[in-house]
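Okay, structure first, notes after.
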Amino acid sequence: MGELLNSGLLNMASLMISLVVLLVGLVIWFFVNRASSRTNEQIELLEALLDQQKRQNALLRRLCEANEPEEKDAPKDAIAEESKDEDEDDFIRLVAER
């Protein structure tokens, strides 16, 4: 009879330990899942912000180009050099945004 009682207590203790481990696992999963969803929301907001900044930069660039005084006597070499500088600036700007 003592063996049955001890065996029953061991089974009950094993079941209780399993339930505690399951409960701790669920709590950990909840907090990890919550942190992950918050991170995803922050990433979406940052991507939206980056998109808005790119549109603002493009608009600002167009406004600046529209307000620049035009030079009629600009040599072709200077224009080619300016476009080369702009290409380099575009690459630097791309790296800086990240």
Report the distance from atom [atom1] of [X] to atom [atom2] of [Y], rounding to the nearest 0.5 Å.
X	Y	atom1	atom2	answer
L46	Q53	CG	CD	9.5 Å
L50	N57	CG	CG	9.5 Å
S36	F31	OG	CZ	14.5 Å
E65	L60	CD	CG	10.0 Å

**Item:** Contact check, side chains of L10 and S14, non-hydrogen atoms, under 4.5 Å
**Value:** no
**Item:** Test item: L49 and L45 side chains (from C-beta on) under 4.5 Å apart, heavy atoms
**Value:**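 No - every pair of side-chain heavy atoms lies 4.5 Å or more apart.
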**Prompt:** Hey, any chance I17 and V20 share a hydrophobic cluster, counting ILVMFWY side chains that come within less than 4.5 Å of each other, even indirectly?
**Reply:** no
**Message:** Tell me whether V32 shares a hydrophobic cluster with V24, the cluster being built from Ile, Leu, Val, Met, Phe, Trp, Tyr side chains joined at under 4.5 Å.
**Reply:**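 Looking at the clustering, V24 is in the same group as V32.
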**Message:** Listing request: all salt bridge (Lys or Arg N to Asp or Glu O under 4.0 Å) pairs with a residue in residues 39-53, at least two apart in sequence or in separate chains.
**Reply:**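 Residue pairs passing salt bridge (Lys or Arg N to Asp or Glu O under 4.0 Å), neighbours aside: D51-R55.
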**Asked** How is the hydrophobic cluster of L22 composed, in terms of its other members, when Ile, Leu, Val, Met, Phe, Trp and Tyr link through side-chain heavy atoms under 4.5 Å apart, directly or indirectly?
**Response**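 Cluster partners of L22: L26.
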**Asked** In chain order, what residues pass the side chain to side chain donor-acceptor pair (under 3.5 Å) check against R38, with sequence neighbours excluded?
**Response** none
